[in-house]
Amino acid sequence: MDVSHQRRMRALQLALGLVALGVLGKLALMQFANFETVFVASLLAGSLLGRWYTVAVPLAILLVLQPLYWTALHGGFALEAMAGISFFVCTGYLFVSLGGRLVKPRIVLRLGSVALLTTLSIPLTIAYDLWTDLGEWYFIARPAGISLFTVLQMQIPFTLIHLLSSLVFVPLFGSAFLLLKHHRLESPSTEPLRAAD
Amino acid sequence: MESKLSRAIPAIVFGLLVASAAGSLLTYVLLTQHPAVEDRLVSNVTITIRTPGWTLNYTGVATSNNTVFGLLLESADRLDFEVRWLNYTLPEGVLVMSINGATNGGSGRFWQYWVDGVYGDRAADKKEIFDGDLVEWTFEVPQGGG
């Protein structure tokens, strides 16, 4: 097995780890609205792995979660009815992973990188909530005559919880996956072998 | 040469900053949660549950179920229909998912509640009702670009 194939397999393993983090974390924290791990998994997919993982990881997480969420867990939600809101959710997480991708060149095994990701997570969290609120207003609240301002006002406590989620999970899992990436993708064993003198 | 402690200081400072920010947020969220509603007797309250296909009314009752959700459950018991909901821990509250078989998302409709014509601003189990209040549960149809 050559080195580049080895690196690709290890990157894939990290990506699968992020998908597992997103799915299992979300399911384990179902009772806590907006306290979730999909955000951090999407952010790390872009900032640590980049390339096609930027899109594949969040989409893979949502492909598992969304049907599960709206059928088995919420019993009876019509899939087609949630397509509109799901669009905003999916594009929202893609936006987060793309935000991570923008800072990928600056992410190294340093405390400053974890701090950068944590800091970046704050505006990304707020932007994500604003975007999904727009979808919720358009598809659910607007037909009932509820203004966007009211929807945004009612979102405030949920966004605060979402920010709390980011502040807890981004440094925690950011550090963990950064270490994993360093040891799995950038360790000496993945460097080309040198001929003996 | 830097000591281990001086190298650890930025990590400690960062950790403390994140912990204090998270702690402040958590404290604020917990302090601003809507309080539980104390049981009180209310009289002459009415609940109307309306979909495009059917309407249920439970009118002019006196009850100690003085929340929107409590009244909904009482009417479900008296009029013999099913209510399904989710319990959330943070923020604490219920989310009604289905009433009498009409489930959120079915045909693109969603359950919302109003008290005396005012849209509900909190979880139904945190919304207190008073004498003479009219509670309406409606199953809205999105107009889709309308």
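To find a chain, count down the sequence lines: A is the first, B the second, and so on, and within it residues start at 1.
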same_hphob_cluster(A/V55, A/V64) at 4.5 Å side-chain heavy-atom cutoff: no
Gap between atom OG of A/S175 and atom CZ of B/F14 - 0.5 Å precision: 7.0 Å
Contacting moiety of B/T32, where chain A heavy atoms sit under 4.5 Å: neither
A/L94-A/L49 co-clustered via ILVMFWY side chain contacts under 4.5 Å: no
ILVMFWY network linking A/L98 to A/V96, side-chain heavy atoms under 4.5 angstrom: no
Among A/L164, A/L167, A/L160, the one residue meeting side-chain contact (heavy atoms from CB on, under 4.5 Å) with B/L26: A/L164
For the student: nearest non-hydrogen atoms of A/Q31 and B/N87, plus distance: NE2-O, 3.8 Å
Minimum-distance pair of heavy atoms, taken over all atoms of B/Y88 and A/M30: CE2-O, 3.3 Å
Transitive ILVMFWY side-chain link A/I156 to B/Y119, under 4.5 Å: yes
Which residues share a side-chain hydrogen bond (donor to acceptor under 3.5 Å, both in side chains) with A/T125, sequence neighbours left out: A/S166
Residue A/R51 excluded, over 12 heavy atoms near CZ under 6.0 Å: no
Shared hydrophobic cluster, B/V115 / B/F130 (ILVMFWY, side-chain heavy atoms < 4.5 Å): no
Segment of A/L111 engaging chain B (4.5 angstrom heavy-atom cut-off): side chain
Over 12 foreign heavy atoms within 6.0 Å of CZ, B/F81: yes
Proximity breakdown for A/I146 and chain B, heavy-atom pairs closer than 4.5 Å: side chain
Interface moiety of A/V170 toward chain B, non-hydrogen atoms closer than 4.5 Å: neither
Intermediate values then yes/no, side chain to side chain contact (heavy atoms under 4.5 Å, CB included), B/F110 and A/E136: CA-CA 11 Å; B/F110 304 90; A/E136 191 177 321; over 6 Å; no
Part of residues 32-42 of chain A lying next to chain B, heavy-atom separation under 4.5 Å: A/F32, A/A33
